[in-house]
Q: 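Structure below; questions to follow.
A note on names: the letters A, B, ... follow the listed sequences, proteins ahead of strands, and every chain is numbered from 1.
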Number of protein chains: 2
Amino acid sequence: MSDPLNLVFGALADPNRRQVIGYLSERGTATATELTGELPMTRQAVAKHLATLAGAGLVESERRGRETRYRLTETGAEWDDRLDALVRHLRRRRV
Amino acid sequence: MSDPLNLVFGALADPNRRQVIGYLSERGTATATELTGELPMTRQAVAKHLATLAGAGLVESERRGRETRYRLTETGAEWDDRLDALVRHLRRRRV
DNA sequence: ATTGTATGCAACCGACAGGTTGCATGTTAC
DNA sequence: GTAACATGCAACCTGTCGGTTGCATACAAT
């Protein structure tokens with residue numbers, strides 16, 4: 001499944017990953033451990049989601065000292081905007 | 001998984017289903033049996049994909065005589081446009 | 001009425017995704 | 001140097017997804 005389209009849509013298909021994108025959009029940057037406090041799952045699960053998002057090019061990571069901070073890539077930020085627009089669109093149509 | 005966002009992204013995550021959307025966009029309407037000729041899978045598999053797309057509100061069906069014809073909904077057509085735009089966008093960025 | 005075509009339904013199967021636990025490793029603080 | 005913290009890695013479990021086969025049903029044509 002190396003087609004970028006598959007990777008992007010596959011990454012966005014999971015609601016938890018979309019929420020991670022939302023969190024990163026709000027806060028700019030976060031670690032897997034920090035995000036664990038916001039989601040009902042273990043740190044390792046969050047780390048897997050971040051790896052999936054990174055594989056799709058929506059998120060990038062940088063190791064600083066003992067922690068790894070994640071942030072949205074430009075593409076990821078664009079998708080966050082698209083998602084917001086889509087939600088507004090669906091609300092408008094009352095779907 | 002009843003959130004419309006999940007349904008839409010889940011439906012679009014599969015490349016075969018995106019291809020079905022493309023075919024329906026070109027031809028306007030098709031039956032499961034017709035689409036089977038274009039995809040490397042059985043009619044029942046195609047029918048399942050169409051059911052998934054219908055569940056996400058991207059496709060609608062109408063039974064006429066002994067065949068069931070499928071066409072894109074307005075939402076589905078919009079998504080076909082968004083996909084085209086996305087592909088062009090990715091190409092432009094050489095991703 | 002019988003035959004061919006199109007669909008629908010259900011059971012089944014292999015693969016993978018999401019999640020967990022357990023442990024090893026690296027890094028900071030004291 | 002030792003304790004605490006953050007991460008990474010691997011094995012494992014379970015449910016779902018994409019796909020198949022087999023069969024029953026509905027409609028059309030002759």
Side-chain angles (χ1 to χ4, degrees), chain A residues 1-24 27-71 79, chain B residues 1-24 27-71 76:
Chain A
M1 229 235 299
S2 58
D3 177 8
L5 259 293
N6 292 349
L7 293 175
V8 171
F9 280 107
L12 293 173
D14 186 280
N16 294 316
R17 283 193 290 265
R18 290 200 303 275
Q19 205 158 358
V20 167
I21 291 181
Y23 284 137
L24 288 179
R27 313 185 181 184
T29 165
T31 69
T33 316
E34 287 169 9
L35 290 170
T36 303
E38 318 273 354
L39 293 168
M41 67 185 76
T42 60
R43 172 186 60 84
Q44 284 88 339
V46 175
K48 278 195 187 180
H49 284 307
L50 287 167
T52 301
L53 291 169
L58 301 177
V59 145
E60 60 191 357
S61 65
E62 183 193 6
R63 179 119 203 192
R64 278 198 78 161
R66 70 178 155 185
E67 69 184 9
T68 303
R69 304 213 65 88
Y70 292 84
R71 88 184 67 81
W79 270 102
Chain B
M1 230 235 296
S2 59
D3 178 6
L5 259 293
N6 291 350
L7 293 175
V8 171
F9 279 106
L12 293 173
D14 186 279
N16 294 316
R17 283 193 289 264
R18 290 200 302 274
Q19 205 158 357
V20 166
I21 292 181
Y23 284 137
L24 289 179
R27 313 184 182 185
T29 164
T31 68
T33 316
E34 288 168 10
L35 290 171
T36 303
E38 317 274 355
L39 293 168
M41 66 185 77
T42 60
R43 174 186 59 84
Q44 286 86 339
V46 176
K48 278 194 188 181
H49 284 307
L50 287 168
T52 302
L53 290 169
L58 300 176
V59 145
E60 61 192 355
S61 64
E62 183 193 6
R63 179 118 202 191
R64 279 199 77 161
R66 70 176 153 186
E67 69 184 10
T68 302
R69 303 212 66 87
Y70 291 85
R71 89 185 66 82

Q: Between B/Thr31 and C/dA6, does any side-chain N or O lie under 4.0 Å from OP1 or OP2?
A: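 No, B/Thr31 has no side-chain N/O under 4.0 Å of OP1/OP2 on C/dA6.
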Q: So, OP1 or OP2 of D/dC17: does either fall under 4.0 Å of a side-chain N or O from B/His49?
A: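 Answer no for this pair, as no side-chain N or O of B/His49 is under 4.0 Å from OP1 or OP2.
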Q: Give the rounded distance in Å between these two atoms: CG of A/Asp14 and P of D/dG15.
A: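 Whole-Å distance recorded here is 17 Å.
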Q: Assuming nearest nucleotide by heavy-atom distance, tell me which of A/Thr52 and A/Arg66 is located more 5' along DNA chain C.
A: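 Its nearest nucleotide being more 5', the pick is A/Thr52.
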Q: Just checking A/Arg43: base, sugar-phosphate only, or nothing, at a heavy-atom cut-off of under 4.0 Å?
A: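 Touches a base.
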Q: Describe the nucleic acid contact of B/Arg17 in one word from base, sugar-phosphate, nothing, applying a heavy-atom distance below 4.0 Å.
A: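 Since only primed, P, OP1 and OP2 atoms lie under 4.0 Å of B/Arg17, the category is sugar-phosphate.
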Q: Round to the nearest Å and state the distance from B/Lys48 atom NZ to D/dT16 atom C1'.
A: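 Between C1' of D/dT16 and NZ of B/Lys48: 11 Å.
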Q: So, does B/Thr42 get its side chain near the phosphate of D/dT20, meaning an N or O under 4.0 Å from OP1 or OP2?
A: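 Yes.
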Q: Salt bridge between A/Arg64 and A/Glu62, side-chain N to carboxylate O under 4.0 Å?
A: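 Not counted as a salt bridge, because no side-chain N and carboxylate O are separated by less than 4.0 Å.
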Q: Would you mind reading off the distance between A/Leu53 atom CG and C/dA17 atom P, rounded to a whole angstrom?
A: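 Rounded to the whole Å, the gap is 14 Å.
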Q: Name the nucleic acid region contacted by B/Thr68, choosing base, sugar-phosphate or nothing; use a 4.0 angstrom heavy-atom cut-off, strictly under.
A: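 Touches sugar-phosphate only.
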Q: Between A/Trp79 and A/Phe9, how do the two ring planes meet: parallel, tilted or perpendicular, split at 30° and 60°?
A: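 Rings of A/Trp79 and A/Phe9: perpendicular, as their planes differ by over 60°.
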Q: Rounded to whole angstroms, how far apart are CD on A/Glu67 and C1' on C/dT28?
A: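 So the CD-C1' distance, A/Glu67 to C/dT28, works out to 11 Å.
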Q: Whole angstroms only, please: what is the CD-C1' distance between A/Gln44 and D/dA11?
A: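 For the pair A/Gln44 CD and D/dA11 C1', the rounded distance is 13 Å.
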Q: Between B/Arg64 (CZ) and D/dA28 (C1'), how many Å, whole number?
A: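 The answer, rounded to whole Å, is 15 Å.
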Q: In whole Å, what is the span from the CG atom of B/Leu7 to the P atom of D/dC17?
A: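 Whole-Å distance recorded here is 11 Å.
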Q: Separation of B/Phe9 atom CZ from C/dG18 atom C1', in whole Å?
A: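 Rounding to the nearest Å, CZ of B/Phe9 and C1' of C/dG18 are 19 Å apart.
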Q: Check the pair B/Asp14 / B/Thr52 against side chain to side chain contact (heavy atoms under 4.5 Å, CB included), numbers first and verdict last.
A: CA-CA 10 Å; B/Asp14 186 279; B/Thr52 302; over 6 Å; no
Q: Show the numbers, then the answer: is there a side chain to side chain contact (heavy atoms under 4.5 Å, CB included) between A/Lys48 and A/Arg17?
A: CA-CA 10 Å; A/Lys48 278 195 187 180; A/Arg17 283 193 290 265; over 6 Å; no
Q: Which atom names give the shortest non-hydrogen contact between A/Gly55 and A/Leu7, and what distance separates them?
A: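 In this case the closest contact between A/Gly55 and A/Leu7 is O-CD1, 3.8 Å.
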